[in-house]
Amino acid sequence: MRIDVKVTPGETNGELLVVEHTDYHRGGPPKHVHLHQDEWFYVLEGSYRFVIGDESHELKQGDSILAPKNVPHVFAHVGDGLGRVLIAYQPAGQMAGFFDELAQLDGLPPMEELARLFRVHGMELLGPPLLAH
């Protein structure tokens, strides 16, 4: 996985963060909820499955979906080859700091440490990632 920042909170007075999320393999983040920001996804390449609240959605290139704040969600790259998604967070909140800390980790930390990382950046970790089959 790779995260490239496209629009920084500093450029928008903290109102917006936009990243390009590149997936080299199938899978995605664990189920979580943002307590302070809406999260919007736009699929640039590949196939993705999203579960937002109780609804499951299959998205492909050109599709978009919103995960409103306080609504649990999870997503996974489920296609073959490369997957790329633009993700916008509004307001930006602590998401830039979250990605900075995540980039400094060597691999996936234990679940307790990951839960702490989510919590200090305004999110709650709720469950495992989606199975990407």
Side-chain angles (χ1 to χ4, degrees):
M1 172 186 73
R2 178 178 164 162
I3 304 286
D4 293 306
V5 176
K6 301 298 185 181
V7 178
T8 70
E11 294 171 308
T12 63
N13 199 28
E15 290 299 316
L16 183 67
L17 169 68
V18 179
V19 300
E20 183 176 328
H21 188 279
T22 301
D23 295 292
Y24 297 100
H25 304 285
R26 292 179 178 204
K31 185 176 185 179
H32 61 282
V33 64
H34 294 265
L35 304 176
H36 307 289
Q37 57 268 130
D38 296 326
E39 186 174 15
W40 175 78
F41 302 88
Y42 179 83
V43 178
L44 296 168
E45 182 177 351
S47 299
Y48 284 83
R49 183 168 150 230
F50 287 81
V51 177
I52 299 175
D54 295 329
E55 296 183 12
S56 182
H57 306 270
E58 302 293 326
L59 277 70
K60 60 185 181 342
Q61 183 178 356
D63 292 337
S64 68
I65 196 163
L66 179 70
K69 69 179 172 183
N70 294 313
V71 176
H73 59 281
V74 62
F75 69 94
H77 173 236
V78 296
D80 295 325
L82 192 67
R84 294 184 310 126
V85 180
L86 273 182
I87 306 173
Y89 301 90
Q90 186 188 29
Q94 298 296 316
M95 292 307 301
F98 173 76
F99 289 126
D100 287 345
E101 276 196 60
L102 201 58
Q104 294 175 26
L105 298 176
D106 186 24
L108 192 62
M111 196 55 73
E112 299 79 28
E113 175 61 18
L114 193 58
R116 182 205 65 78
L117 183 62
F118 272 65
R119 194 170 29 260
V120 299
H121 292 95
M123 298 174 284
E124 289 296 327
L125 188 58
L126 302 175
L130 283 175
L131 296 177
H133 47 281

- Message: Do L117 and P109 have side chains that approach each other closer than 4.5 Å (heavy atoms only, starting at C-beta)?
- Response: no
- Query: Any link between V33 and I52 through a network of hydrophobic side chains (Ile, Leu, Val, Met, Phe, Trp, Tyr) touching at under 4.5 Å?
  - Reply: no
- Message: Going by side chain to side chain donor-acceptor pair (under 3.5 Å), name the residues that satisfy it together with E113, two or more places apart in sequence or in a different chain.
- Response: R116
Per-pair distances, 0.1 Å, donor-acceptor, side chain in residues 56-65, under 3.5 Å, sequence neighbours excluded:
unit_1	atom_1	unit_2	atom_2	d
S56	OG	R49	NE	3.4
D63	OD2	K60	N	2.9

- Query: Is a donor on one side and an acceptor on the other found under 3.5 Å between the side chain of H73 and the backbone of V71?
  - Reply: yes
- Query: Is it true that M1 and Y24 fall in one hydrophobic cluster, defined by side-chain heavy atoms closer than 4.5 Å?
  - Reply: no
Compile the donor-acceptor pairs under 3.5 Å between side chains in residues 97-105 and protein atoms, sequence neighbours left out, one pair per line.
unit_1	atom_1	unit_2	atom_2	d
E101	OE2	H121	NE2	3.3

- Query: Could you give the distance from CD (E11) to CG (L17), rounded to the nearest 0.5 Å?
  - Reply: 10.0 Å
- Task: Only counting residues at least two apart or in another chain, list the ones meeting salt bridge (charged side-chain N to carboxylate O under 4.0 Å, His left out) with D38.
- Result: none
- Message: For R2, give me all partners under side chain to side chain donor-acceptor pair (under 3.5 Å), at least two apart in sequence or on another chain.
- Response: D4
- Query: Under 4.5 Å between any side-chain heavy atoms of P128 and P30, yes or no?
  - Reply: no
- Report the residues that fulfil side chain to side chain donor-acceptor pair (under 3.5 Å) with T12, sequence neighbours left out, ordered by chain and then residue number. none
- Query: What pairs of residues pass the side-chain hydrogen bond (donor to acceptor under 3.5 Å, both in side chains) test when at least one of them lies in residues 86-97, not counting sequence neighbours?
  - Reply: E39-Y89
- Contact list for residues 73-94, test salt bridge (Lys or Arg N to Asp or Glu O under 4.0 Å), sequence neighbours left out: E20-R84, R26-D80, E45-R84
- Item | Listed partners of Y48 passing ring-ring contact (aromatic ring centres under 6.0 Å, His included), at least two apart | H77
- Message: According to side chain to side chain donor-acceptor pair (under 3.5 Å), who are the partners of Q37, at least two apart in sequence or on a separate chain?
- Response: H34
- Query: Heavy atoms, side chains only, cut-off 4.5 Å: are E124 and H32 in contact?
  - Reply: no
- Item | Beyond-backbone contact of V43 with F75, side-chain heavy atoms, under 4.5 angstrom | no
- Excluding V18, membership of its hydrophobic cluster (Ile, Leu, Val, Met, Phe, Trp, Tyr; side-chain heavy atoms within less than 4.5 Å) reads V7, L16, W40, Y42, L44, L66, L86
- Residue list, side-chain contact (heavy atoms from CB on, under 4.5 Å) with V74, at least two apart or on another chain: K31, V51, L130
